[in-house]
Amino acid sequence: MSYDPENIFAKILRGEIPSTRVYEDDETLAFMDIMPRSDGHLLVIPKTPCRNVLDASPEQLASVMKTVQKLSQAVMKAFEADGVTIQQFNEAAGGQEVFHLHFHVLPRYEGVSMRPPGNMGDFEVIAAQADKIKAALG
Ligand code: AMP
């Protein structure tokens with residue numbers, strides 16, 4: 001399986017389609033998921049191409065995980081969450097829909113289930129949540 005540079009996250013990285021960005025460094029970008037399964041649901045991606053964990057380099061994985069940890073700590077603080085679920089899917093059979101490596105970071109609360117997938121979030125609500133995350137990052 002080869003990397004398709006026309007995938008939607010590659011377009012987000014090139015600024016060809018909009019996204020609500022919360023953090024970036026030289027190697028990684030974090031932005032809000034448009035179909036949030038919990039308040040504050042965000043995605044972390046490498047800035048360089050790879051489909052998923054199966055073809056990622058150790059360097060891509062290391063830099064992405066560093067950002068996943070940073071954003072997990074930020075959402076705990078921003079949303080006073082009880083925990084964080086980190087999700088990651090590999091190839092269609094593994095549940096992957098967008099073929100640029102990404103990790104989901106989902107703030108969680110005791111006794112509260114994740115919302116079902118596939119429901120578009122409210123843009124203004126997501127933008128306000130992004131501001132909270134950015135504030136928690138300092
Ligand atoms: P998966 O590949 O199964 O991890 O699913 C892709 C995820 O990307 C889903 O949670 C979608 O809601 C999310 N998504 C798809 N398009 C966009 C977009 N343009 N901006 C932000 N998130 C997106």
Side-chain angles (χ1 to χ4, degrees):
M1 293 288 198
S2 61
Y3 181 81
D4 174 9
E6 295 309 312
N7 77 75
I8 203 149
F9 295 168
K11 290 181 179 176
I12 284 176
L13 279 168
R14 293 194 295 265
E16 292 168 9
I17 61 165
S19 64
T20 307
R21 297 178 177 221
V22 287
Y23 173 81
E24 69 182 298
D25 57 28
D26 288 347
E27 283 91 34
T28 64
L29 172 68
F31 57 97
M32 304 304 287
D33 197 299
I34 46 167
M35 292 184 245
R37 300 196 57 195
S38 71
D39 291 347
H41 179 179
L42 63 88
L43 302 169
V44 178
I45 66 173
K47 286 187 171 176
T48 48
C50 61
R51 283 174 70 85
N52 51 45
V53 159
L54 299 170
D55 66 337
S57 68
E59 292 76 20
Q60 285 173 315
L61 292 174
S63 59
V64 166
M65 282 315 295
K66 207 171 145 195
T67 301
V68 165
Q69 183 189 41
K70 190 180 186 72
L71 272 295
S72 298
Q73 291 164 341
V75 297
M76 285 292 287
K77 187 173 162 195
F79 300 102
E80 296 180 339
D82 298 320
V84 176
T85 296
I86 294 165
Q87 281 187 325
Q88 193 278 320
F89 306 105
N90 299 281
E91 298 301 331
Q96 187 174 11
E97 291 178 356
V98 179
F99 297 96
H100 180 110
L101 174 65
H102 56 280
F103 283 78
H104 298 254
V105 175
L106 297 129
R108 302 295 304 277
Y109 298 90
E110 285 300 341
V112 180
S113 301
M114 285 198 291
R115 295 193 283 267
N119 295 314
M120 212 59 170
D122 180 284
F123 173 77
E124 285 184 11
V125 171
I126 291 173
Q129 290 167 352
D131 287 342
K132 279 177 117 174
I133 297 167
K134 285 189 262 186
L137 283 165

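Nothing here was measured: the structure is a model prediction, and the numbers come from that model. Every number for a ligand or one of its atoms is a count from 1 in the order of the listing.
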Working to the nearest 0.5 angstrom, can you tell me the gap between H104 NE2 and S38 OG?
11.0 Å
Show the short N or O contacts, below 3.5 Å, that ligand 1 makes with protein N or O atoms; if there are none, say 'none'.
{"unit_1": "ligand 1", "atom_1": "2 (O)", "unit_2": "E97", "atom_2": "N", "d": "2.6"}
{"unit_1": "ligand 1", "atom_1": "2 (O)", "unit_2": "V98", "atom_2": "N", "d": "3.0"}
{"unit_1": "ligand 1", "atom_1": "2 (O)", "unit_2": "H102", "atom_2": "NE2", "d": "3.0"}
{"unit_1": "ligand 1", "atom_1": "3 (O)", "unit_2": "G95", "atom_2": "O", "d": "2.8"}
{"unit_1": "ligand 1", "atom_1": "3 (O)", "unit_2": "E97", "atom_2": "N", "d": "3.4"}
{"unit_1": "ligand 1", "atom_1": "4 (O)", "unit_2": "H102", "atom_2": "NE2", "d": "2.5"}
{"unit_1": "ligand 1", "atom_1": "4 (O)", "unit_2": "H104", "atom_2": "NE2", "d": "2.6"}
{"unit_1": "ligand 1", "atom_1": "10 (O)", "unit_2": "D33", "atom_2": "OD1", "d": "3.3"}
{"unit_1": "ligand 1", "atom_1": "10 (O)", "unit_2": "D33", "atom_2": "OD2", "d": "2.6"}
{"unit_1": "ligand 1", "atom_1": "12 (O)", "unit_2": "D33", "atom_2": "OD1", "d": "2.5"}
{"unit_1": "ligand 1", "atom_1": "22 (N)", "unit_2": "I34", "atom_2": "N", "d": "3.3"}

Do V44 and V84 sit in one hydrophobic cluster, given that two such residues count as connected whenever their side-chain heavy atoms are within less than 4.5 Å of each other, even indirectly?
yes
Nearest heavy atoms of A130 and V22, plus distance in Å
CB-CG1, 3.5 Å
Derivation of the salt bridge (Lys or Arg N to Asp or Glu O under 4.0 Å) call for E6 and R14
CA-CA 10 Å; E6 295 309 312; R14 293 194 295 265; 3.7 Å; yes
Examine Y23 and M32 and state if one hydrophobic cluster contains both, with Ile, Leu, Val, Met, Phe, Trp and Tyr joined whenever side-chain heavy atoms are less than 4.5 Å apart.
yes
Taking M1's backbone N and O only, do any of them form a donor-acceptor pair with E91's side chain (distance below 3.5 Å, no angle check)?
no
